[in-house]
*Asks:* 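I'd like to ask some things about the structure below.
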Amino acid sequence: MKPTSSLKSLLGGLVLLAAPAALADSAANIALFDSKMTAARATTSPSGSTVTRPEMVGALDAFAWDSWVDATERAHLSTKVGNATFLTGLTNDAKKYLNDFYELNDAANYGAPLSMDAVSGTPAQLYGASGPLASASRIQEGAIPYGEGVANQVTLTETYGWAFGSHYDYGYFFAPITEAELRTRLQQRTYSGTPTAAEVNGAVAYITQVSSTGQRLYVSSWRSMGRGGPGESAGFVVAAVSNDRRFVRMVEVLTWAE
């Protein structure tokens, strides 16, 4: 059935209302990013005029508040990643975070077909040690068919949502991390207790098998009501992505539940 002229007018009005809102969000996010970068370059900042990785993380967080990076935000970042003037004063690890964030957040409108399945073996077997971290872990992995896309932000978030869990009440957004940051995250207390050194070492080795010296490691926090039981639960998930960005291994860790 074709829409009536009244319905057409209503739909047209809704489109016009929605578009400026999206543009306004992008403009606000871009302005926030630029202001944070200006603050990071100020001589009065903790690192002086040098921009460190934590400062770059904080600036790019401006784009993580309203779902994925859109085309307008991506276009703004594209003027930064190869701009010698902009890159002046950034530490090497700040530049790497910028490049990693830019690669992951490519403004795709849909995810690539990433099929995930539970891995063979228990987390304790795969880590080579049993304990609280292994007990709190769930692991899945899979690959994108050749020629059908890469593991970007939308692919990882969509795939994690359907592969791991029923229902998540709070939005999650993957961000790049280093191998050292991964180790620190895995050392933190889980729902089952504080991980052992052997577990952490084994988990780091197992995860970075995929990411090849930790070049493509991403992490996100999650929180859910009613997932696996009547109460609330929370934790984090690490995604390790292969060099060709087709193979992904995800390790979810439960840190809190009631």
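Predicted model only: the values in this text are computed from it and were never measured.
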*Asks:* Restricting to non-hydrogen atoms, name the atom on Val248 and the atom on Ala151 that form the minimum distance, rounded to 0.1 Å.
*Replies:* CG2-CB, 3.7 Å
*Asks:* Just to verify, what does Glu181 make a salt bridge (charged side-chain N to carboxylate O under 4.0 Å, His left out) with, not counting sequence neighbours?
*Replies:*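 If we apply the salt bridge (charged side-chain N to carboxylate O under 4.0 Å, His left out) test to Glu181, skipping adjacent residues, the hits are Arg53.
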*Asks:* Among residues at least two apart in sequence or on other chains, which ones pass salt bridge (charged side-chain N to carboxylate O under 4.0 Å, His left out) with Glu141?
*Replies:* Arg249
*Asks:* Mind checking salt bridge (charged side-chain N to carboxylate O under 4.0 Å, His left out) for Asp244 and listing every partner two or more places apart, or none if nothing turns up?
*Replies:*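 Asp244 satisfies salt bridge (charged side-chain N to carboxylate O under 4.0 Å, His left out) with Arg246 once adjacent residues are dropped.
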*Asks:* Which heavy-atom pair separates Gln187 from Thr194 by the least distance, and what is that distance?
*Replies:* O-CG2, 4.3 Å
*Asks:* Quick one: are Val81 and Leu98 in side-chain contact, heavy atoms under 4.5 Å?
*Replies:*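 A side-chain contact exists here, since the closest heavy-atom pair is under 4.5 Å.
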*Asks:* Looking at Ala234, is its backbone amide N or carbonyl O close enough to the side chain of Thr255 to form a donor-acceptor pair, meaning the two atoms are under 3.5 Å apart?
*Replies:* yes
*Asks:* Are more than 12 heavy atoms, taken from residues, nucleotides or ligands other than Phe236, located less than 6.0 Å from that residue's CZ atom?
*Replies:* yes
*Asks:* Does one hydrophobic cluster hold both Ile177 and Val251, with members joined at side-chain heavy-atom distances below 4.5 Å?
*Replies:*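 In one cluster: yes.
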*Asks:* Nearest 0.5 Å please: distance from the CG atom of Leu104 over to the CG atom of Asn99.
*Replies:* 12.5 Å
*Asks:* Hey, could you give me the CE/CG distance between Met37 and Leu60, rounded to the nearest 0.5 Å?
*Replies:* 8.0 Å
*Asks:* Do you know which two heavy atoms are closest between Pro113 and Pro145, and how far apart they sit?
*Replies:* O-CD, 3.3 Å
*Asks:* Just by modelled atom types, is the Ala163 backbone N or O under 3.5 Å from a matching donor or acceptor in the Gln140 side chain?
*Replies:*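 Answer holds: yes.
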*Asks:* Under the rule for side chain to side chain donor-acceptor pair (under 3.5 Å), what residues qualify as partners of Glu103, not counting sequence neighbours?
*Replies:*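 By the side chain to side chain donor-acceptor pair (under 3.5 Å) rule, Glu103 matches Arg216.
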*Asks:* Is Trp162 reachable from Tyr218 through a run of hydrophobic residues whose side-chain heavy atoms are each under 4.5 Å from the next?
*Replies:*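 Tyr218 and Trp162: one cluster.
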*Asks:* Quick one: OG1 on Thr155 to CG on Leu114, what's the gap to the nearest 0.5 Å?
*Replies:*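 Going from the OG1 atom of Thr155 to the CG atom of Leu114 covers 7.0 Å.
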*Asks:* Under the criterion side-chain contact (heavy atoms from CB on, under 4.5 Å), I'd like the reasoning laid out for Val119 against Met250: C-alpha separation, chi angles, the key distance, then a yes or no.
*Replies:* CA-CA 10 Å; Val119 297; Met250 290 189 182; over 6 Å; no
*Asks:* Applying salt bridge (charged side-chain N to carboxylate O under 4.0 Å, His left out), name anything that partners Lys96, two or more places apart in sequence or on another chain.
*Replies:*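 Counting only residues at least two positions away or on another chain, Lys96 forms a salt bridge (charged side-chain N to carboxylate O under 4.0 Å, His left out) with Asp100.
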*Asks:* Residues two or more places apart in sequence or in another chain: which of them pass side chain to side chain donor-acceptor pair (under 3.5 Å) with Ser135?
*Replies:* none
*Asks:* Say whether, by atom type as modelled, one donor and one acceptor occur between the side chain of Thr38 and the main chain of Asp34 under 3.5 angstrom.
*Replies:*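 It does hold such a pair.
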*Asks:* Can you label the angle between the Phe101 ring and the Phe173 ring as parallel, tilted or perpendicular, going by 30° and 60°?
*Replies:*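 Tilted: the ring planes of Phe101 and Phe173 meet at 30° to 60°.
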*Asks:* Taking atom types as modelled, is there a side-chain donor on Ser47 or Glu55 under 3.5 Å from an acceptor on the other?
*Replies:* yes
*Asks:* Has the side chain of Lys80 got a donor or acceptor atom that lies under 3.5 Å from a matching backbone atom of Phe86?
*Replies:* no
*Asks:* How about Tyr127 and Leu186: do any of their side-chain heavy atoms sit closer than 4.5 Å?
*Replies:* no
*Asks:* For Ala62 and Phe33, which heavy atoms make the closest approach, and how far apart are they?
*Replies:* CB-N, 3.7 Å
*Asks:* Decide whether Val238 and Leu126 are clustered together by the hydrophobic rule: side chain heavy atoms of Ile, Leu, Val, Met, Phe, Trp, Tyr closer than 4.5 Å, transitively.
*Replies:* yes
*Asks:* Indicate the ring-plane relationship of Phe174 and Tyr160, choosing parallel, tilted or perpendicular according to the 30° and 60° boundaries.
*Replies:*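 It falls in the perpendicular class, over 60°.
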*Asks:* Should Tyr102 and Val57 be counted in the same cluster of Ile, Leu, Val, Met, Phe, Trp and Tyr side chains packed under 4.5 Å apart?
*Replies:* yes
*Asks:* Find the distance between CD1 (Ile30) and CZ (Phe63) and round it off to the nearest 0.5 Å.
*Replies:* 5.5 Å
*Asks:* First locate atom CD of Glu179, then atom OG1 of Thr208, and finally report the distance between them rounded to the nearest 0.5 Å.
*Replies:* 5.0 Å
*Asks:* Considering all heavy atoms of both residues, which atom of Tyr97 and which atom of Ala175 are nearest to each other, and what is their separation?
*Replies:* OH-CB, 3.7 Å
*Asks:* Before giving the answer on side-chain contact (heavy atoms from CB on, under 4.5 Å), spell out for Leu77 and Glu73 the whole-Å C-alpha distance, their side-chain angles and the decisive distance to 0.1 Å.
*Replies:* CA-CA 6 Å; Leu77 289 176; Glu73 295 163 345; 5.7 Å; no
*Asks:* Which pair of non-hydrogen atoms, one from Ala108 and one from Val154, has the smallest distance, and what is that distance?
*Replies:*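 Shortest heavy-atom contact: CB-CG1, 3.8 Å.
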*Asks:* Answer yes or no: is there a donor N or O on one side and an acceptor on the other, between the side chain of Glu199 and the main chain of Ala134, under 3.5 Å?
*Replies:*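 Between the backbone of Ala134 and the side chain of Glu199 there is a qualifying donor-acceptor contact (under 3.5 Å).
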*Asks:* Do any N or O atoms from the side chain of Arg74 and from the backbone of Val69 form a donor-acceptor pair under 3.5 angstrom?
*Replies:* no
*Asks:* Shared ILVMFWY cluster between Val200 and Val253, side chains joined below 4.5 angstrom?
*Replies:* yes
*Asks:* Does Asn83 CG have over 12 foreign heavy atoms under 6.0 Å away?
*Replies:* yes
*Asks:* Has Thr159 got a side-chain atom pairing as donor or acceptor with Leu156's backbone, closer than 3.5 angstrom?
*Replies:* no
*Asks:* Go through the steps to decide whether Trp256 and Glu232 satisfy the test side-chain contact (heavy atoms from CB on, under 4.5 Å), and finish with yes or no.
*Replies:* CA-CA 8 Å; Trp256 175 81; Glu232 195 171 2; 3.7 Å; yes
*Asks:* So do Arg183 and Asn201 actually touch side chain to side chain, heavy atoms under 4.5 Å?
*Replies:* yes
*Asks:* Find the distance between CD1 (Ile207) and CG (Leu182) and round it off to the nearest 0.5 Å.
*Replies:*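 One gets 5.0 Å once the value is rounded to the nearest 0.5 Å.
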*Asks:* Measure from the side-chain N and O atoms of Ser192 to the backbone N and O of Gly131, and report whether any donor-acceptor pair falls under 3.5 Å.
*Replies:* no
*Asks:* How about Ser221 and Arg185: does a side-chain donor come under 3.5 Å of a side-chain acceptor?
*Replies:* yes
*Asks:* Please tell me if the side chains of Pro195 and Thr190 come closer than 4.5 Å, counting only heavy atoms from C-beta onward.
*Replies:*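 They are in side-chain contact.
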*Asks:* Would you please test Thr50 and Thr91 for side-chain contact (heavy atoms from CB on, under 4.5 Å) and show each step?
*Replies:* CA-CA 7 Å; Thr50 299; Thr91 62; 3.5 Å; yes
*Asks:* For Ser233 and Tyr191, which I'm curious about, is there any donor-acceptor pair between the side chains at under 3.5 Å?
*Replies:* no
*Asks:* Is the closest side-chain donor-acceptor distance between Asn29 and Ser26 under 3.5 Å?
*Replies:* no
